[in-house]
Every structure is written in structure tokens, then in C-alpha cells.
Amino acid sequence: MKNKLRIIVSFLLLALPMALTMVSAQESEFKDTPWFSGMPNFTIYDAEDTEFDGYNFFNGKNCTTVEGRKFKRTYALKEEAQKSSVTQIIRNYSNAIKSMGGTVIYEGMPQEAECAENNGLNMVVGKAVKDGNEMWVEVVTLGGDDYYLTIILKELMKQDVTASNMFEALNRDGHIALYINFDTGKSIVRDESKPIIEQIVQMMKSNPDLKIGVEGHTDNVGSPASNKTLSEARAKSVVSAIVSQGIAADRLTPAGFGQDKPVADNNTEEGRAKNRRVELIKK
């Protein structure tokens, strides 16, 4: 009997680390989205990322259908954790949307929104522009025990530019607007925009007499002085990236105009995205 008991105890001791490893692996299987963290006392129960899908977001009157890259997270209250109120969850994400420069489109519990997937539940719907994409967000709570987070990223400023197209635009219009992505408030060119830099380099190499101005422009978020400084830094960063690939620096003149030359309405996310640009000017 004692031998049998020792065997059972030994088996349980061996099984315990395995069980803990399985639980740990399960907890790390899903991650938050890059833009929003989960509420305290909640864990990600399920996650799904889809390269392209559509979703209906309730706007207070009807639904806006948005298509793009989809992220969905289901958050569940941890065992024996203190429950959050519906107001806490909704207010937390409403503030998060606003803090990234976004707009809350709807907050409440729709009763006759048949177009909405979660009609009859407490929700907040908002949108913001992040890295050249229009981001739509919906958070729906099931009484404070569980809640859903759904995000659709809709591309706004994806540009397929070629060296020949840029050169034609410069000869025709004297300038061309490029949507080169930078991190918010920074001047380092993001990797996804490096193909645009490569096309500028190719254009300059194919036309050795061409000289251009490189102008940075921002939206009106922030102070005029800081925006001018940021736009100048971004213009210089683009010039440095071009020069690093063999183009003479005296063929490029950087300048920054901040928020002084908008080409669209700064009162909308779409307009601000268009105003954050780099323009090439033929000299």
C-alpha cells in the first residue's frame, strides 16, 4: 500500500510541472493587438487575425461597413478576479481611442441596430488613423464578465509609385506628394516606405541633371513650432536615406513647413492623413 502511495505521489509531482507548462503555454498563445492592451484581471480567451475581411460598425444611426485587415480578441475575466463594471470597460477603451487622436463615434446600447453584429449589447465604436491606415474599433462587453475587441485596418495612403511616374509628375506639375510613413512624432523612415525611397534614387540616377527639393508637411496635431521642427527633421531624414544610396547631397534641398500648407481638412482623420506628406519639388 505504501509503495502504491509513493508511486501515486511521485506521478503527481511529475505531472505538476507538465501541467504548469501547459497552462503557461496556453496563456502566452494569444497576444494583445499592437494598439490596445487588455483590461486588468482579464485574459485573452480567443484571438483571430484575418488578412482581409469586412465588419459592420454601428455609427448611431446605421452601420458603416469597413473592409481591411481584421483583428479580433475575446477577453475573459480571470478566475476569482474582481469583476469590472460595464462603465469601466467602455470608458477605458473610449479614453484609449481619444488618447491616440481618434474619435468616438458611438457609445451606448443599440436596440434596433439590426445591421450590427452585437445589437443590444453595451459597446463603444471609434476610429483613428495609425501609420497611414484608418483604424476602426469596436469594444462590446457582456455585463463585465467578458468583452470583445474588434479592429479593422483600412489602408488610406498606400502608394504604388515608380521612378518614371514620379519623373513624369515632376515635369508635368513641378511637384509630387508622397506618403512616406514615420513613427508618430519621429523622423525615421519606416521599413514599409523604403521602396518609395528606392524609386526616388532610381529616378535621380536615371536623370543625373535633376535636382529636387524635399519638403516635409504635417497635420495640425501639436503646436505649430513642434510640427515645423518635426517636418524639417523628416525632410532631412528622407534626404539622408537618398544620399546613403549614392545620390549627391547637393542635388537635394530639405525643408519643413509643418502644418502651414494643408491640402485637406485637418478636422477629419482622412484629411490629417493626407496632410502628413513629403513633397518632391523640381528645381
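On a predicted model such as this, the values are computed, not experimentally measured, just so you know.
Side-chain N/O atoms of Asn122 and Thr141 include no donor and acceptor closer than 3.5 Å. The closest side-chain donor-acceptor pair between Asn59 and Asn62 falls under 3.5 angstrom. Looking at Asn227 and Asn220, their side chains never bring a donor and an acceptor atom within 3.5 Å of each other. With 3.5 Å as the limit, one finds a donor-acceptor pair spanning the side chains of Thr162 and Ser164. When only modelled atom types and interatomic distance are considered, Glu138 and Trp136 share no side-chain donor-acceptor pair under 3.5 Å. Between the side chains of Ser237 and Ser240, no donor N or O sits under 3.5 Å from an acceptor N or O.
Under the 4.5 Å side-chain heavy-atom criterion for ILVMFWY residues, a single connected hydrophobic cluster contains both Phe36 and Phe42. In the hydrophobic clustering of this structure, Met123 does not group with Tyr93; members are Ile, Leu, Val, Met, Phe, Trp, Tyr whose side-chain heavy atoms approach within less than 4.5 Å, directly or through other members. By the rule that hydrophobic residues join a cluster once side-chain heavy atoms approach within less than 4.5 Å of another member, Ile212 and Val238 end up as members of one cluster. Hydrophobic clustering (side-chain heavy atoms under 4.5 Å, transitive across Ile, Leu, Val, Met, Phe, Trp, Tyr) keeps Tyr106 apart from Ile97. The cluster map of Ile, Leu, Val, Met, Phe, Trp and Tyr, joined by side-chain heavy atoms under 4.5 Å apart, puts Val139 and Tyr55 in different clusters.
A salt bridge does not link Glu80 to Lys78: none of the charged side-chain nitrogens sits closer than 4.0 Å to a carboxylate oxygen. Classification of Asp49 and Arg73 as a salt-bridged pair holds, one side-chain N sitting under 4.0 Å from a carboxylate O. A salt bridge does not link Glu232 with Lys236: none of the charged nitrogens is closer than 4.0 Å to a carboxylate oxygen. Ionic pairing of Glu107 and Lys98 is not present here: no N-O contact between side-chain nitrogen and carboxylate oxygen is shorter than 4.0 angstrom.
Enclosure of atom CD in Gln111 by more than 12 non-hydrogen atoms of other residues, nucleotides or ligands within 6.0 angstrom is indicated.
Atoms CD and OG, from Gln82 and Ser85 in turn, are 10.0 Å apart once rounded to the nearest 0.5 Å. Taken to the nearest 0.5 Å, the CZ atom of Phe58 stands 13.0 Å off from the CE atom of Met109. With rounding to the nearest 0.5 angstrom, the CD1 atom of Ile242 is 11.0 Å from the CD1 atom of Ile196. In this structure, CG on Asp219 lies 11.5 Å from CG on Asn267, to the nearest 0.5 angstrom. Separation of atoms CG (Asn56) and SG (Cys63) is listed at 5.0 Å; rounding is to 0.5 Å. Within the model, atoms CG of Asn165 and CD of Gln199 stand 9.0 Å from one another, a figure rounded to the nearest 0.5 Å.
Judged by distance alone, the side chain of Ser231 and the main-chain N or O of Phe257 form a donor-acceptor pair under 3.5 Å. Between the side chain of Asn119 and the main chain of Ala113, a donor-acceptor pair closer than 3.5 Å is present. Formation of a donor-acceptor pair under 3.5 Å by the Glu279 side chain with backbone atoms of Ala177 is not found in this model. A distance-only check finds a donor-acceptor pair linking the side chain of Asn275 to the backbone of Gly271 [under 3.5 Å]. Using a distance-only test at 3.5 Å, with no hydrogens or angles considered, a donor-acceptor pair links the side chain of Asn95 to the main chain of Arg91. No side-chain donor-acceptor contact under 3.5 Å links Arg272 to the backbone of Val221. Not a single donor-acceptor pair under 3.5 Å links the side chain of Arg234 to the backbone N or O of Ser187.
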Report the C-alpha separation of Asn207 and Asp209 in whole Å, then their side-chain angles, then the decisive distance to 0.1 Å, and conclude whether the side-chain contact (heavy atoms from CB on, under 4.5 Å) test is met.
CA-CA 6 Å; Asn207 301 277; Asp209 295 329; over 6 Å; no
Show, in sequence, the C-alpha distance, side-chain angles and deciding distance for His217 and Val263, and conclude whether the side-chain contact (heavy atoms from CB on, under 4.5 Å) test is met.
CA-CA 10 Å; His217 300 270; Val263 293; over 6 Å; no
What's the verdict on side-chain contact (heavy atoms from CB on, under 4.5 Å) for Asp145 and Lys83, showing C-alpha distance, side-chain angles and the deciding distance?
CA-CA 6 Å; Asp145 291 315; Lys83 182 178 177 179; 3.4 Å; yes
What do the steps show when you test Val214 against Thr253 for side-chain contact (heavy atoms from CB on, under 4.5 Å), and what is the final call?
CA-CA 6 Å; Val214 179; Thr253 306; over 6 Å; no
Apply the test side chain to side chain donor-acceptor pair (under 3.5 Å) to residues Ser226 and Ser223: give CA-CA distance (whole Å), side-chain angles for both, the deciding distance (0.1 Å), then the verdict.
CA-CA 5 Å; Ser226 63; Ser223 70; 2.8 Å; yes
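For the pair Leu149/Asp32, no side-chain contact is recorded, criterion being any heavy-atom separation below 4.5 Å from C-beta on. Side-chain contact between Thr74 and Ile44 is absent, with no heavy atoms from C-beta onward closer than 4.5 Å. When side chains are defined from C-beta on, Ile152 does not count as touching Met135, because their heavy atoms never get closer than 4.5 Å. With contacts defined as side-chain heavy-atom distances shorter than 4.5 Å, the pair Leu178/Met166 qualifies. Looking only at side-chain heavy atoms (C-beta outward), Gln245 and Ile197 come within less than 4.5 Å of each other. Annotation: side chain of Val125 is not in contact with side chain of Val104 (no heavy-atom distance under 4.5 Å). Counting heavy atoms from C-beta outward, Trp35 and Val137 have side chains that stay 4.5 Å or more apart. Using a 4.5 Å cut-off on side-chain heavy atoms (C-beta onward), Tyr147 and Met39 make contact.
Judged by a 6.0 Å distance limit and a 45° cone about the ring axis, Lys186 is not positioned over the six-membered ring of Phe182.
Aromatic rings from Tyr75 and Tyr148 are positioned such that their centres are separated by 6.0 Å or more.
When every heavy atom of Ala235 is checked against every heavy atom of Ala255, the shortest pair comes out as CB-O, 3.3 Å. The two residues Lys282 and Leu170 come nearest to each other via the heavy atoms CD-O, 3.7 Å. For the residue pair Ala273 and Tyr179, the shortest heavy atom distance occurs at O-CE2, 3.6 Å.
Each of Met203, Met204, Gln202 was compared with Ser206 under the side chain to side chain contact (heavy atoms under 4.5 Å, CB included) criterion, and only Gln202 meets it. Results of the salt bridge (Lys or Arg N to Asp or Glu O under 4.0 Å) test with Asp53 over Lys154, Arg69, Lys70 single out Lys70 as the only residue that passes.
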